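Here's the structure we're looking at; comments come further down.
For the single chain, residues carry numbers from 1 onward in sequence order. These numbers were taken from a predicted model, which means no experiment stands behind them. Atoms within each ligand, like the ligands themselves, are counted from 1 in listed order.
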Amino acid sequence: MHRVIGEREFSAVSVSEDHARELLAEMVRARVFDERALSLQRRGWMSGYPPFHGQEGSQVGAAHAMADDDWLFPTYRANAMQIARDVPMSDLLLFRRGYPEFHSDHDVPVFPQAVPIATQLPHAVGVGMAANYTDADHAAVAYFGDGATSEGDFHEAMNFAGVFDAPVLFFCENNHWAISTTRDRQTAAPSIAAKADAYGFTGGQVDGNDPLAVFEFVRSALKRVREGEPVLVESLTYRQGPHTTSDDPDRYRGDEDEDLPDWRTRDPIERFAEYLRSHNVVYEGFLDHAREEATDAVDAAVETADAVADPDPDDVFEHAYAELPKRLRDQRETVRERASGDDSGP
Ligand SMILES: Cc1ncc(C[n+]2csc(CCOP(=O)(O)OP(=O)(O)O)c2C)c(N)n1
């Protein structure tokens, strides 16, 4: 497994001190967003939220390794990755509130977050193959969880990518849970990375709670990807919180074992901060200062999201059919009548 923290002096690391501080500050920003989103959900501002607490190092490290014009295919869990790519936090909040995604007209190359598991993977391969046909330089980065590797879409996407040399990086964030299903019930393979062998390309594991390791590993993987070889990266991390705000992990998580590896026991922010402090890259109050800045940014995002007018209920009937079938036209009529206070309709 590729790692940096605990194995290398900072002087031997391939990022500058400024860049390391930026990575840490962005992990803090993502954490503050996650905490605020949870509290907004608890007070009924949004109906459900899937926290990524503990996965900030993996997502921020990977996002930093991407080129500006690389396409990201996220899931509901990949908010830290989107924040680090500069998707407006207000858009992410509005999506969770049920508003159309991409409320603002930001130009970050990112697909809508996939909720049906693994469906984004063939899309990513399609974008990679299109880049080949058009001689474009961008790569496609497909984010997914360990649970997604049991879906047919995962295997079909990996197969196509291998056969057509699609410039796709499969970024599997193995947080060891797919709701209540453990990693060992997901696959009998020795690792998720090992699955790449069967499709004719390479896979490797990285310590996902080490943002420097993830950054280095994904950056070198993307170099190969751009040369026409897909790569599967398995980023080892741990879902510290519930699957979503509707989940109670105490019902399926047993007593924690002793002697657990760093990626499972250590908070990635604390661990990275401690590493940078011990190499004199950050000063004592750095985390507090980063938290204050993040809080201001998240306050502003909440304010922006709050000011957006409610969507038109008619919108729910848009974008699926060129011509609405009768059944749906009737439903739309009912919705309109209810909205106007006339409840006597069909
Ligand atoms: C096709 C499909 N089947 C089932 C579900 C229900 N479901 C939602 S999340 C989830 C687990 C996904 O686990 P994983 O891929 O490891 O991602 P994580 O939630 O841990 O980020 C399942 C089965 C779904 N959303 N889509």
Handout entry: Sub-6.0 Å ring centroid separation between Y283 and H289
Key = no
Exercise for the section: Note the single closest protein heavy atom to atom 23 (C) of ligand 1, along with its residue, its atom name and the distance in Å. Expected result: I179 CD1, 4.2 Å
Problem - Nearest neighbour of atom 17 (O) of ligand 1 from the list F154, F52, F144, Y76, on a heavy-atom basis - result: Y76
Problem - Identified side chain to side chain contact (heavy atoms under 4.5 Å, CB included) partner of D267 from the options Q240, R31, E274, E56 - result: R31
Practice task
Say whether D18 and S16, considering side chains only, have a donor N or O and an acceptor N or O under 3.5 Å apart.
Solution key: no
Handout entry: Closest protein heavy atom to atom 14 (P) of ligand 1, given as residue, atom name and distance to 0.1 Å
Key = G147 N, 3.4 Å
Problem - Ligand-residue contact atoms, ligand 1 with W177, heavy atoms, under 4.0 Å - result: 16 (O), 20 (O)
Exercise for the section: Please determine if D146 has a nitrogen or oxygen closer than 3.5 Å to a nitrogen or oxygen of ligand 1. Expected result: yes
Exercise for the section: Report the relative orientation of the aromatic rings in W177 and Y238; use parallel for angles under 30°, tilted for 30 to 60°, perpendicular for over 60°. Expected result: perpendicular
Exercise for the section: Answer with yes or no whether E151 contacts ligand 1, where contact means a heavy atom under 4.0 Å from a ligand atom. Expected result: yes
Problem - Atoms in ligand 1 flagged as close to H243, the criterion being non-hydrogen separation under 4.0 Å - result: 9 (S), 19 (O)
Exercise for the section: Could you tell me the residue and atom name of the protein heavy atom closest to atom 21 (O) of ligand 1, and the distance to it rounded to 0.1 Å? Expected result: R77 NE, 3.0 Å
Problem - Candidate with minimal heavy-atom separation from atom 13 (O) of ligand 1, of G152, A178, A118, S180 - result: A178
Exercise for the section: Output yes when a side-chain donor or acceptor of R97 lies under 3.5 Å from a complementary backbone atom of W45, and no otherwise. Expected result: yes
Practice task
Using a 4.0 Å heavy-atom threshold (strictly under), name the region of I117 that reaches ligand 1: side chain, backbone, both or neither.
Solution key: both
Problem - Minimum-distance protein heavy atom relative to atom 15 (O) of ligand 1 - result: A148 N, 3.0 Å
Practice task
Ignoring hydrogens and angles, state whether a donor on the side chain of D91 or Y99 is under 3.5 Å from an acceptor on the partner side chain.
Solution key: no
Exercise for the section: Could you give me the CA-CA distance, side-chain angles and deciding distance for S58 and S235, then say whether side chain to side chain donor-acceptor pair (under 3.5 Å) is met? Expected result: CA-CA 7 Å; S58 169; S235 178; 2.8 Å; yes
Problem - Heavy atom of protein closer than 4.0 angstrom to atom 6 (C) of ligand 1 - result: no
Problem - Modelled atom types, side-chain donor and acceptor of T75 and Q120, under 3.5 Å - result: no
Problem - Any side-chain donor near an acceptor of the partner, T237 and N175, under 3.5 Å - result: no
Practice task
Looking only at distances, please establish whether an N/O atom of ligand 1 is found under 3.5 Å from an N/O atom of V115.
Solution key: yes
